[in-house]
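First listed ligand is number 1; within each ligand, the first listed atom is number 1.
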Amino acid sequence: MAKIISLVNQKGGVGKTTSAINLASCLATAGKFVLLVDLDPQGNASSGLGINIRQMEKSLYHSMVMSESSSQIILKTETLGLDIIPASQDLAGAGIELVHMENREFRLYNVLREVRTNYDFIIIDSPPSLGLLTINGLVASDEVIIPVQTEYFALEGLSQLLNTINLVKDNLQPELKVMGALLTMYDKRNRLARQVVKEVQDHFPGRVFDSIIPRSIRLAEAPGFGKSILSFDSFSKGARAYKNLAREVIKMEKSGNKFSV
Ligand SMILES: Nc1ncnc2c1ncn2[C@@H]1O[C@H](COP(=O)(O)OP(=O)(O)O)[C@@H](O)[C@H]1O
Ligand SMILES: [Mg+2]
């Protein structure tokens, strides 16, 4: 039965999609069966893995809104063991269409329920908002990873995010847990970045992943080639960091040794 993990932060540009693509690829390369779910209408996780989202007939929208079977929309990627449910532009309207639907917060949960036994991990890339799509992602998840960019204002918006997670937990998905904060785009030569690491560690005591994702041009270049960092440049420092993160995630799942909430 898959562990379902959402990457969530309502801020854009903090590394959600980069982390979703590369964590999913590294888990698959470590021998796990993985499904990546692109919940962002911009479809960056889909195009970042080489899927032409304009030519696609079916996407997550068709399952979430039109209730089509999820087996219809799952695609294989070039990484063995990694499948994807792609997003498309029509998902942007779903946020509004869903408002009037029955079980509107459970649409993604129901989509994934059908396929969850086929995978070890399901990784959900969320849009940069706390709207109904992201809520669907949280309700469908067991765990949340919060990517935090090691920049000015890193902590801005985090209390609102944690509030939303707690609301979901209290009302919709009591088992939901915060797995931890993931520091991204870290530049060790930058004093501010080192200070932000410390601030985030103070803010999430004991709940920050040891793996810190460095700022790396290679990580930013890979999606333009439709590749994960492992297929693009598997010895780069970015690849190393995401392999470490995957190892950390697998270890936490095995030991059941979660960061306490
Ligand atoms: N570790 C990194 N080093 C350098 N650039 C990065 C890194 N992580 C992400 N980026 C780039 O920063 C931008 C935002 O990242 P992205 O993963 O799309 O964030 P989000 O999904 O939170 O909006 C993208 O252009 C991406 O290629
Ligand atoms: Mg994104």
J.: Hey, which atoms in ligand 1 end up nearer than 4.0 Å to a heavy atom of Leu219?
T.: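 Answer for ligand 1: 1 (N), 2 (C).
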
J.: Less than 3.5 Å between some nitrogen or oxygen of Lys11 and one of ligand 1, yes or no?
T.: no

J.: Within the structure, does Asn44 bring an N/O atom to less than 3.5 angstrom of an N/O atom in ligand 1?
T.: no

J.: Walk me through whether Phe232 and Phe225 qualify under ring pair (Phe, Tyr, Trp, His ring centres under 6.0 Å).
T.: CA-CA 8 Å; Phe232 185 62; Phe225 294 85; 5.0 Å; yes

J.: Taking Arg215 first and then Asp187, would you say they form a salt bridge - that is, a charged N and a carboxylate O separated by under 4.0 Å?
T.: no

J.: Between Glu78 and Lys227 (salt bridge meaning N to carboxylate O under 4.0 Å), is one present in this structure?
T.: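 Counted as a salt bridge, because a side-chain N and a carboxylate O are separated by less than 4.0 Å.
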
J.: Please indicate whether any nitrogen or oxygen in Asp125 is less than 3.5 Å from any nitrogen or oxygen in ligand 1.
T.: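 Checking ligand 1 against Asp125, no N or O pair falls under 3.5 Å apart.
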
J.: Using a strict 4.0 Å cut-off to heavy atoms of Gly12, name the atoms of ligand 1 that fall inside it.
T.: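 Selected atoms, number and element: 23 (O).
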
J.: CD1 of Ile85 to CG of Leu112: how many Å apart, nearest 0.5 Å?
T.: 5.5 Å

J.: In terms of residue, atom name and distance, what is the protein heavy atom nearest to atom 19 (O) of ligand 1?
T.: Gly15 N, 3.0 Å

J.: Do Asn136 and Phe106 pass the side-chain contact (heavy atoms from CB on, under 4.5 Å) test, and can you show the C-alpha distance, the side-chain angles, and the key distance before you say yes or no?
T.: CA-CA 6 Å; Asn136 263 269; Phe106 291 86; 5.7 Å; no

J.: Below 4.0 angstrom, counting only protein heavy atoms, does anything approach atom 21 (O) of ligand 1?
T.: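 Yes; the ligand atom in question has protein heavy-atom contact below 4.0 Å.
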
J.: Looking only at protein heavy atoms, which one is nearest to atom 26 (C) of ligand 1, and how far off is it?
T.: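 Ranking protein heavy atoms by distance from atom 26 (C) of ligand 1, first comes Thr18 OG1, 3.8 Å.
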
J.: Is Pro214 in contact with ligand 1, taking contact as a heavy-atom separation below 4.0 Å?
T.: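 So Pro214 counts as touching ligand 1.
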
J.: Quick one: does Val14 get a heavy atom under 4.0 Å from ligand 1?
T.: yes

J.: Show the nearest heavy-atom pair for residues Val65 and Ala94, with the distance to one decimal.
T.: CG2-CB, 3.7 Å

J.: Against ligand 1, does Pro128 come closer than 4.0 Å with any heavy atom?
T.: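 Judged by the 4.0 Å heavy-atom criterion, Pro128 does not count as contacting ligand 1.
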
J.: Among all protein heavy atoms in this structure, tell me which lies nearest to atom 18 (O) of ligand 1, with the distance rounded to 0.1 Å.
T.: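 Its nearest protein heavy-atom neighbour is Thr17 CB, 3.9 Å.
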
J.: Compute the shortest N/O to N/O distance between Gly13 and ligand 1 and return yes if it is under 3.5 Å, no if not.
T.: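 Yes, Gly13 has an N/O under 3.5 Å of an N/O on ligand 1.
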
J.: Which protein non-hydrogen atom lies closest to atom 3 (N) of ligand 1, naming both residue and atom, and how far is it?
T.: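 The protein heavy atom lying closest is Ser216 N, 2.8 Å.
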
J.: Could you walk me through whether Glu97 and Arg104 pass the salt bridge (Lys or Arg N to Asp or Glu O under 4.0 Å) check?
T.: CA-CA 9 Å; Glu97 285 173 71; Arg104 58 184 183 175; over 6 Å; no

J.: Got an N/O contact under 3.5 Å between Lys16 and ligand 1?
T.: yes

J.: Considering only protein heavy atoms, which is closest to atom 12 (O) of ligand 1, and at what distance to one decimal place?
T.: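 Looking only at protein heavy atoms, the one closest to atom 12 (O) of ligand 1 is Met185 CE, 4.0 Å.
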
J.: Please tell me if atom 24 (C) of ligand 1 is touched by the protein, where touching means a protein heavy-atom distance below 4.0 Å.
T.: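 No.
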
J.: Taking both backbone and side chain into account, is any N, O or S atom of Asn44 nearer than 2.8 Å to the Mg ion (ligand 2)?
T.: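 It does not: Asn44 brings no N, O or S atom closer than 2.8 Å to the Mg ion (ligand 2).
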
J.: Are any of the side-chain nitrogens in Glu221 or Arg218 under 4.0 Å away from the carboxylate oxygens of its partner?
T.: yes

J.: Between Thr150 and Val196, which heavy-atom pair has the shortest distance, and what is it?
T.: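 Residues Thr150 and Val196, closest heavy atoms: CA-CG1, 3.7 Å.
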
J.: Are any of the side-chain nitrogens in Arg116 or Asp142 under 4.0 Å away from the carboxylate oxygens of its partner?
T.: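 Judged by the 4.0 Å cut-off on N to carboxylate O distance, Arg116 and Asp142 do form a salt bridge.
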
J.: At their closest point, which heavy atom of Ser69 faces which heavy atom of Glu114, and how far apart are they?
T.: OG-OE1, 3.5 Å

J.: Specify the protein heavy atom at minimum distance from atom 5 (N) of ligand 1: its residue, its atom name, and the distance to 0.1 Å.
T.: Ala220 CB, 3.7 Å

J.: What are the atoms of ligand 1, with element, lying closer than 4.0 Å to any heavy atom of Ile213?
T.: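 Matching atoms, with element in brackets: 1 (N).
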
J.: Apply side-chain hydrogen bond (donor to acceptor under 3.5 Å, both in side chains) to Tyr242 and Thr18, showing your working.
T.: CA-CA 10 Å; Tyr242 279 111; Thr18 306; 5.6 Å; no

J.: What heavy-atom pair brings Ile146 and Ile165 nearest, and what distance separates the two atoms?
T.: CD1-CD1, 4.2 Å

J.: Give a yes/no verdict on whether any heavy atom in Gly238 is under 4.0 Å from an atom of ligand 1.
T.: no

